[in-house]
Amino acid sequence: MSQPIAVITGASSGMGLAVTKHLLADGWRVVMADVAEEDGKAIAAELGSQALFCHVDVSSYQQQADLFKKAFAWGGDRLDLFAANAGIADTQFLHENDYRYDESGTVMPLNLKAMDVNLTAVVQGIWLFKHYARQNKVPGGKIIITSSCAGLYHMPTNPIYTASKHALVGLTRALGPVLDRQNIQVNAICPAFVPTALCPKDMLDRFPNEHITPMSTVIKAYDTFLGDDTLSGQTVELSLDQLYFRTKPDYPNESQHWLAESSASFWEEAYKEPVS
Ligand SMILES: NC(=O)c1ccc[n+]([C@@H]2O[C@H](COP(=O)([O-])OP(=O)(O)OC[C@H]3O[C@@H](n4cnc5c(N)ncnc54)[C@H](O)[C@@H]3O)[C@@H](O)[C@H]2O)c1
């Protein structure tokens with residue numbers, strides 16, 4: 001039987017790289033997608049022939065589309081896992097007042113690169129993965145999304161990051177049960193603080209040791225989702241060495257309970273066709 005194939009975004013560093021190494025050791029072949037070309041190429045060369053580096057900016061739909069096409073062909077028409085992991089912090093702060101103007105004096109838009117990378121690219125990646133996973137010999141596969149504990153709580157320094165990571169939790173919960181019917185399981189990890197290149201260097205140096213979540217917890221979460229086909233639509237919080245499965249908030253009354261759990265036929269009837 002051929003080896004399973006993973007596409008991991010943000011694979012040149014941090015969690016993406018750790019998961020890449022773990023899967024390779026477990027007999028997977030891994031397509032490592034990252035904007036960091038120099039590092040990515042050098043690391044992939046060290047990792048050997050079962051790793052393929054692709055220089056991709058996931059915020060470009062075309063580049064992600066090319067990535068999935070290439071990965072499916074490299075895998076021998078097979079694609080088993082999409083780790084939607086690339087993510088960045090806010091590139092401009094909504095709470096600051098550093099307004100810039102175009103030549104007509106109109107306020108320039110806020111830079112939303114964090115939304116493009118952390119959210120839009122994940123949605124487009126799922127769209128693309130699904131297209132190929134359906135063509136597997138046994139149609140289906142797994143998607144593991146890297147949200148954050150900022151997707152469950154909030155990070156006042158990074159409101160756009162917070163919004164994008166919250167959106168990934170909602171996306172996972174909404175999509176997981178539906179795609180499960182197509183044998184595609186969608187789950188999300190919400191890590192607490194894991195020391196990686198994402199965090200400003202001086203903060204890394206000062207961060208209290210007792211609040212650091214080790215990379216082994218990230219790997220534990222991946223193993224949990226990869227090893228259990230019954231999980232889809234789940235969000236798991238990673239803190240220290242523990243995994244905490246987090247569910248939606250409690251309903252305040254019976255009406256909200258009904259709306260969330262028993263009104264499906266109303267919505268399904270209403271959204272039979274996309275609204276233009
Ligand atoms: N480190 C933490 O404490 C922490 C906590 C919760 C969630 N996360 C999330 O974990 C994920 C992985 O981050 P990390 O901590 O390993 O950081 P990292 O900076 O070490 O790795 C992120 C990788 O993503 C790549 N990347 C950035 N923009 C990209 C783009 N447009 N296209 C392709 N690749 C791109 C970077 O080059 C880098 O290699 C991110 O989604 C991050 O938001 C991190």
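Computed from a predicted model, the values in this text were never measured in an experiment. Only this structure's heavy atoms are used, side chains among them; waters, hydrogens and symmetry mates stay out. Throughout, residue positions are numbered sequentially from 1 according to the sequence presented. When a ligand or atom number is given, it counts from 1 through the structure's own listing order.
- Contact annotation: for Ala192 versus ligand 1, heavy atoms closer than 4.0 Å belong to the backbone alone.
- For Ser60, the heavy-atom gap to ligand 1 stays at 4.0 angstrom or more.
- In summary, of the residues considered (Val7, Ile143, Leu23, Ile5), a side-chain contact (heavy atoms from CB on, under 4.5 Å) with Leu81 occurs for Leu23 alone.
- A salt bridge links Lys248 with Glu261: the closest approach of a Lys/Arg side-chain nitrogen to an acidic carboxylate oxygen falls below 4.0 angstrom.
- Interface atoms of ligand 1 facing Gly14, defined by a heavy-atom separation under 4.0 Å, are 16 (O), 20 (O).
- Assignment of Val56 to the shell around ligand 1 is supported, since a heavy atom sits closer than 4.0 Å.
- Near Lys165, the atoms of ligand 1 lying under 4.0 angstrom from a non-hydrogen atom of the residue are 40 (C), 41 (O), 42 (C), 43 (O).
- The nearest heavy-atom contact from the protein to atom 24 (O) of ligand 1 is Gly10 CA, 3.3 Å.
- Side-chain N/O atoms of Asn111 and Thr91 include a donor and acceptor closer than 3.5 Å.
- The closest side-chain heavy-atom distance from Thr157 to Phe93 is not below 4.5 Å.
- Distances shorter than 4.0 angstrom do not occur between any heavy atom of Lys113 and any atom of ligand 1.
- Not one N or O of Ser148 is nearer than 3.5 Å to an N or O of ligand 1, by distance alone.
- Screening Asn183, Asp229, Asp80, Asn187 against Lys142 for a side-chain hydrogen bond (donor to acceptor under 3.5 Å, both in side chains) leaves a single residue, Asp229.
- By the 3.5 Å distance cut-off applied to N or O atoms, Ser13 is counted among the residues near ligand 1.
- Considering both main-chain and side-chain atoms, Leu198 comes within under 3.5 Å of ligand 1 through a nitrogen or oxygen pair.
- Contact between Cys190 and ligand 1 is absent, with no heavy atom of the residue lying under 4.0 Å from the ligand.
- Scanning all protein heavy atoms for the shortest distance to atom 14 (P) of ligand 1 gives Thr196 OG1, 3.4 Å.
- Atom 7 (C) of ligand 1 has as its closest protein heavy atom Ser147 O, 3.2 Å.
- For atom 9 (C) of ligand 1, the closest heavy atom belonging to the protein is Thr146 CG2, 3.5 Å.
- Classified by interplanar angle (parallel below 30°, tilted 30° to 60°, perpendicular above 60°), the ring pair Phe68/Phe129 is perpendicular.
- Side-chain atoms of Val19 and Ile219, non-hydrogen and from C-beta on, do get closer than 4.5 Å to each other.
- Among Lys165, His166, Glu237, the single residue meeting the side-chain contact (heavy atoms from CB on, under 4.5 Å) criterion with Ser148 is Lys165.
- For Ala11, no heavy-atom contact with ligand 1 is shorter than 4.0 Å.
- Within 6.0 Å of atom CG in Asp250, 12 or fewer heavy atoms from other residues, nucleotides or ligands are found, so the atom counts as exposed in its surroundings.
- With a 4.5 Å cut-off on side-chain heavy atoms, Pro191 and Thr213 do not count as touching.
- For ligand 1, the polar-atom distance check finds no N/O of Gly16 at less than 3.5 Å from any of the ligand's N/O atoms.
- Scanning the protein for heavy atoms near atom 26 (N) of ligand 1, the closest one is Val35 CG2, 3.7 Å.
- Atoms of ligand 1 lying under 4.0 Å from any heavy atom of Asp57, numbered from 1 in the order shown and given with element: 30 (C), 31 (N), 32 (N).
- What sits closest to atom 43 (O) of ligand 1 on the protein, heavy atoms only, is Tyr161 OH, 2.6 Å.
- For atom 30 (C) of ligand 1, the nearest non-hydrogen atom from the set Leu67, Val218, Val58 comes from Val58.
- Residue Trp258 qualifies as enclosed at atom CH2: its count of foreign heavy atoms under 6.0 Å is above 12.
- Within the model, atoms NE2 of His95 and CG of Asp90 stand 7.5 Å from one another, a figure rounded to the nearest 0.5 Å.
- At a heavy-atom distance under 4.0 Å, only side-chain atoms of Ile88, from C-beta outward, approach ligand 1.
- A side-chain contact (heavy atoms from CB on, under 4.5 Å) with Ile189 is found for one member of Ile145, Val236, Asn85 and no other, namely Val236.
- The protein heavy-atom contact nearest to atom 4 (C) of ligand 1 is Met15 CE, 3.5 Å.
- By the 6.0 Å contact criterion, NE2 on His154 is open, its count of non-hydrogen atoms from other residues, nucleotides or ligands being 12 or less.
- Below 4.0 Å from some heavy atom of Val194 lie the following atoms of ligand 1, by number and element: 1 (N), 2 (C), 3 (O).
- Shown in contact with Asn85 at under 4.0 Å from a heavy atom are these atoms of ligand 1, numbered in order with element: 11 (C), 12 (C), 40 (C), 41 (O).
- Only the side chain of Val117 comes within contact range of ligand 1, with a heavy atom under 4.0 Å; no backbone atom does.
- The protein atom (non-hydrogen) at minimum distance from atom 39 (O) of ligand 1 is Asp34 OD2, 2.6 Å.
- The distance from ligand 1 to the heavy atoms of Gly87 drops below 4.0 Å at these ligand atoms: 40 (C), 41 (O).
- Using a cutoff of 4.0 Å between basic side-chain nitrogens and carboxylate oxygens, Lys137 and Asp77 are not scored as salt-bridged.
- Other residues, nucleotides and ligands place more than 12 heavy atoms under 6.0 Å from the CD atom of Glu96.
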